[in-house]
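The chains referred to below are lettered A, B, ... by the order of the sequence lines, with proteins before strands, and numbering in each begins at 1.
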Amino acid sequence: MSESDAVNASRRKFVTATAAAVGAVMGTVVGVPALGYLASPALEAGGTDAWVPLGKLDSFPVAVPTPFSFTRSRVNGWDKSTRSYTVYVLRDEAGVKVLSSRCTHLSCQVTWQADQNAFTCPCHDAKFGAQGEVLHGPPPKPLDTYETKIEDGTLLIRVVEA
Amino acid sequence: MSELETDQTLQINVTRKRSPGTTAMNEEEKREYQEKYRLAKLHGEKFFPDTIYKDVLISFALFLLLIGLATFIGVAPEPKADPSDTSYIPRPEWYFLFLFELLKFFPGSLEWVGTAVLPGLAVALLFLLPFIDRNPKRHWKNRRFAAGLMSAIVIGMVALTIRAVVTTPPQAEATVAGTLAEQIVAGQDLYAVHCVECHGADGEGGKIQGVQGLEGVTLKPINSQDEMYTRSDETLYAVIELGQQTLGMPPFGRAYSGELSPGDIESIVAFMRYTWDDRAEMPKAAEQASTLPVLKPGETPDYATHIEPVVKRYCVSCHRPGKENNNYLMRTYDEVMNSGDHKPNIVPGNLQSNLIRMLRREEIEAGGPMPPSKPLKPELIEMIERWVIAGAPEKASGPATK
Amino acid sequence: MASKWISRLDERTGIVGVYKTVFDRKIPKVNWWFTLGSASLFLFSVQVVTGILLSVYYVPSPDHAYDSVQYIMTGVQFGWLIRGIHHWAASLMVLVVFLHMLRVFFYGAYKYPREITWVTGVVLLLATLGMGFTGYLLPWNQKAYWATTVGTSIAGTVPGIGDFILRALRGGTDLSAVTLTRFFAAHVWMLPLVILTVIGIHLYLVIRNGISAVPKDHE
């Protein structure tokens, strides 16, 4: 009786080991692709990198940040949609500066308040100066700026997205 | 050993006592069965490790089979659902084929027998099997009727399935654009065939020439920012599918007696959007596939590499069956060389052949300038001329056979 | 050390008893045909795992179902593998479950005391076919559309109540977005719940009554 018990015990070890090995193989063969499958959108490279025309430079007022909105169409998975951007164009003697309207703190939309001479953020009371510099509040850095160029009097900005 | 002997005694008891197949098991027979089963277990094996070992091996074998099937056969691509497609041959998955085939044998008035009565009966019999079949015997040799009936049913199902497979006509080929890039490229080809004759190769519009019923009508460009920014994909889709009949555009959707399937129209919309809308960026793969080949200095042009893409984009729209084109078709190399009322339109080595003269916008007996509305770009005409001089070869090696 | 933890755990959960009942039991000597049941269970598990993964990207709406499946096949990493496995395991599962039924039939294993096990098995066979039927509408392709049109029309020919069944299946007179969402609900919620519950009963009965023995010539 004890002998067959010993045989049984060793067989059990063998079967357990086989089952574990088979399980590990199946887990890896399906598990690793499954992780890639779930993380797939995060691993995708394609973003956008394009020069977007904002119109004639002369049409923007001088020394007052002027909002300008445009859209880019994008493909995300099966979904083809457009994404809106708002930028502020600031034109002065030094040239032209295009600021992002996204607060550098947590991405709320800032608005230009002429009476305060500042961009204010509705979320955590941040304030930015006309040049985008932080005047008040939690933002870690000034408003983002876009690379600009002027072709035939038309202002273009470079929109880059990872 | 003593256990085995008991087993045999029991067997004698059972065979002596009853004639099979008449009544349900009585209490004594149930006890006898349980006793025999107890003995079978005594002589048996342990679920773990003995039985489970086989289970693990079989599961693993199935797993490998699945990975193999998924990797090497995969899932056949199917076009999108299209209620207007009359050429599609509907078939269910293979495991319902026997039922599908069975229905061919029932005339209309008795259809409900095949669709409701037989399947209903089969399900009911399956559920009630243990309560109908009271024969206490278990080996198939002692259950000839039951085993025979089930075998007949299974053979019937297999036969019906085979018959269904054999009698199914082959499905018409349908191209399925998988990625956006494939869709755009497919859309470009479709645009070249169906749209170019009126809207121009680049959607530039202008005065229509050589299109029956629309001669001289002037079309606005459809590639402009105004057009692209204010027309959504859905709008473009509807315009192509339904046409704009008061403006002279016929419907192209198959559901409205046009030639295009919903997938085709979606491809054309994708092509328009990604080619003309400056808010959308053309995927790299599509960009490469959609640029016309450029002839390197000193390179000899051939039909397959250099000429076919040009012909496809600028000519086939009119030079295909069912259009007014003096029977000059341009879908294949052979047609380009040898068809038409004024053939040959291309003579290898001869720059005075019809095609070249018409490309140079001469008015000749065979017809007027081509393409009618707008000349080809000079570099494309030059490429075609060089191809004709080189003997109009079909493939990169050697001149044309004719 | 390990045994101390096991005994503590057992004191609170009775886990050792469960282990003994499920794994440490004697059964009659059986052959390879007896693996079809566990193979069905394995394939069902594969379907649950791959099905959950597919639901991450799949959209049950006629506007997007086809595109989302195309995206799974061409855009998502290993999407082709996950869908490929789900597709083939569905076919294999129908086959294996059917063969399992035939094995039980030809060995007379549905007889006393396993009649109820058989009945639960028939429920599982029908539910598996139901999974197949509801599953292949979901990609919203030509095969899906037409096979479902034919399949639901078959149900519509039942005398008297046919029209009612047809409308109930389709959620209207025609195949539409409503049909797709109800097939989706059946495929991912109702039928899997039925299958899980009945598998539980089926396995309980198999363990309680033991696996049937291979019948001998005279039995």
Side-chain angles (χ1 to χ4, degrees), chain B residues 11 15 25 30 33 37 40-48 51-52 54-55 58-59 62 65-67 69-71 74-75 78-83 85 88 90-96 100 103 111-112 115-116 123 126-127 129-131 136-143 147 150 154 178-179, chain C residues 23-30 32 35 38-39 42-43 46 66 70 73-75 80-81 83-85 87-89 91-92 94 102 105-108 110-112 115 118-119 122 126 129 132 136 139-147 149-151 154 157-159 210 213 215-219:
Chain B
Q11 169 213 336
T15 34
M25 287 170 101
K30 285 180 182 173
Y33 174 78
Y37 184 66
K41 283 209 284 194
L42 263 179
H43 293 294
E45 54 188 35
K46 274 282 180 77
F47 177 68
F48 176 60
T51 318
I52 218 169
K54 292 183 199 159
D55 293 330
I58 288 290
S59 292
L62 281 175
L65 179 63
L66 280 177
I67 299 287
L69 287 169
T71 309
V75 187
E78 278 273 323
K80 190 176 179 172
D82 178 7
D85 185 356
Y88 189 79
R91 285 292 177 276
E93 282 291 346
W94 63 269
Y95 42 85
F96 289 129
F100 187 91
L103 299 182
E111 197 192 16
W112 54 278
T115 55
V123 169
L126 268 185
F127 270 116
L129 176 68
F131 313 106
K137 294 285 185 182
R138 289 167 198 244
H139 197 277
W140 64 269
K141 279 185 184 163
N142 307 318
R143 302 159 51 219
M150 183 57 107
V154 172
T179 61
Chain C
F23 290 100
D24 204 11
R25 61 191 157 105
K26 272 237 127 148
I27 60 166
K29 267 213 162 8
V30 290
W32 287 89
T35 57
S38 70
F42 170 74
L43 289 171
V46 168
Y66 185 80
Q70 287 294 78
M73 292 302 282
T74 57
W80 58 271
L81 179 66
R83 179 164 179 237
I85 295 176
H87 173 89
W88 285 105
S91 277
L92 267 184
V94 171
L102 288 183
F105 180 86
F106 284 106
Y107 281 161
Y110 55 90
K111 302 190 176 206
Y112 173 85
E115 294 95 331
W118 168 267
V119 172
V122 174
L126 295 177
L129 291 174
Y136 67 68
W140 203 253
N141 54 30
Q142 284 282 65
K143 185 182 188 98
Y145 186 89
W146 291 107
T149 302
V150 174
I154 286 178
T157 61
V158 178
K216 300 193 179 78
D217 268 7
H218 58 79
E219 283 174 329

Among the listed options [options], the residue most often paired with chain B at heavy-atom distances under 4.5 Å:
options	result
C/V122, C/D24, C/L126, C/L43	C/V122
C/I27, C/T35, C/T74	C/I27
C/G132, C/S91, C/G75, C/A213	C/S91
C/F106, C/Y110, C/Y145	C/Y110

Where on [X] is there a heavy atom nearer than 4.5 Å to chain B: the side chain, the backbone, both, or neither?
X	value
C/T149	neither
C/V150	side chain
C/L81	both
C/L129	both
C/A39	both
C/W140	both
C/F23	both

Closest contact, heavy atoms only, [X] versus [Y]:
X	Y	value
B/A70	C/I85	CB-N, 3.6 Å
C/P28	B/K41	CD-CG, 3.8 Å
B/P90	C/W146	CB-CB, 3.3 Å
C/Y136	B/Y95	CD2-OH, 4.1 Å
B/R143	C/Y107	NH1-C, 4.2 Å

Is a side-chain donor or acceptor of B/K54 paired with a backbone partner of C/V30 at a separation under 3.5 angstrom?
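Yes; judged by distance alone, with no hydrogens or angles, the pair exists.
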
Can you measure from CG (B/D85) to NZ (B/K80) and round to the nearest 0.5 angstrom?
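Between atom CG of B/D85 and atom NZ of B/K80 there are 14.0 Å.
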
Rounded to the nearest 0.5 Å, what's the gap from CG on C/L92 to CG on B/L65? Could you check?
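If we round to the nearest 0.5 Å, C/L92:CG and B/L65:CG are 5.5 Å apart.
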
For chain C, find which of [options] contributes the most heavy-atom pairs closer than 4.5 angstrom.
options	value
B/L62, B/T179, B/L66, B/L69	B/L69
B/P92, B/G74, B/P79	B/P79
B/L129, B/L126, B/T115, B/I58	B/L129
B/F48, B/F127, B/W112	B/F127
B/D82, B/V123, B/L103	B/D82

With a 4.5 angstrom heavy-atom cut-off, could you sort out which part of [X] is near chain C: side chain, backbone, both or neither?
X	value
B/T71	both
B/K141	side chain
B/Y33	side chain

Are side-chain heavy atoms of C/K143 and B/E93 found at a separation under 4.5 Å?
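C/K143 reaches B/E93 side chain to side chain.
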
Note, B/L42 side chain near C/K26 side chain (heavy atom, < 4.5 Å)
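No, too far: nothing below the 4.5 Å cut-off.
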
Please list, chain by chain and in numerical order, all residues satisfying side-chain contact (heavy atoms from CB on, under 4.5 Å) with C/V158, sequence neighbours excluded.
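Only B/A116, C/I161, C/I165 meet the side-chain contact (heavy atoms from CB on, under 4.5 Å) criterion with C/V158.
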
Applying side chain to side chain donor-acceptor pair (under 3.5 Å), name anything that partners B/E78, two or more places apart in sequence or on another chain.
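In terms of side chain to side chain donor-acceptor pair (under 3.5 Å), with neighbours along the sequence ignored, B/E78 is linked to B/Y88.
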
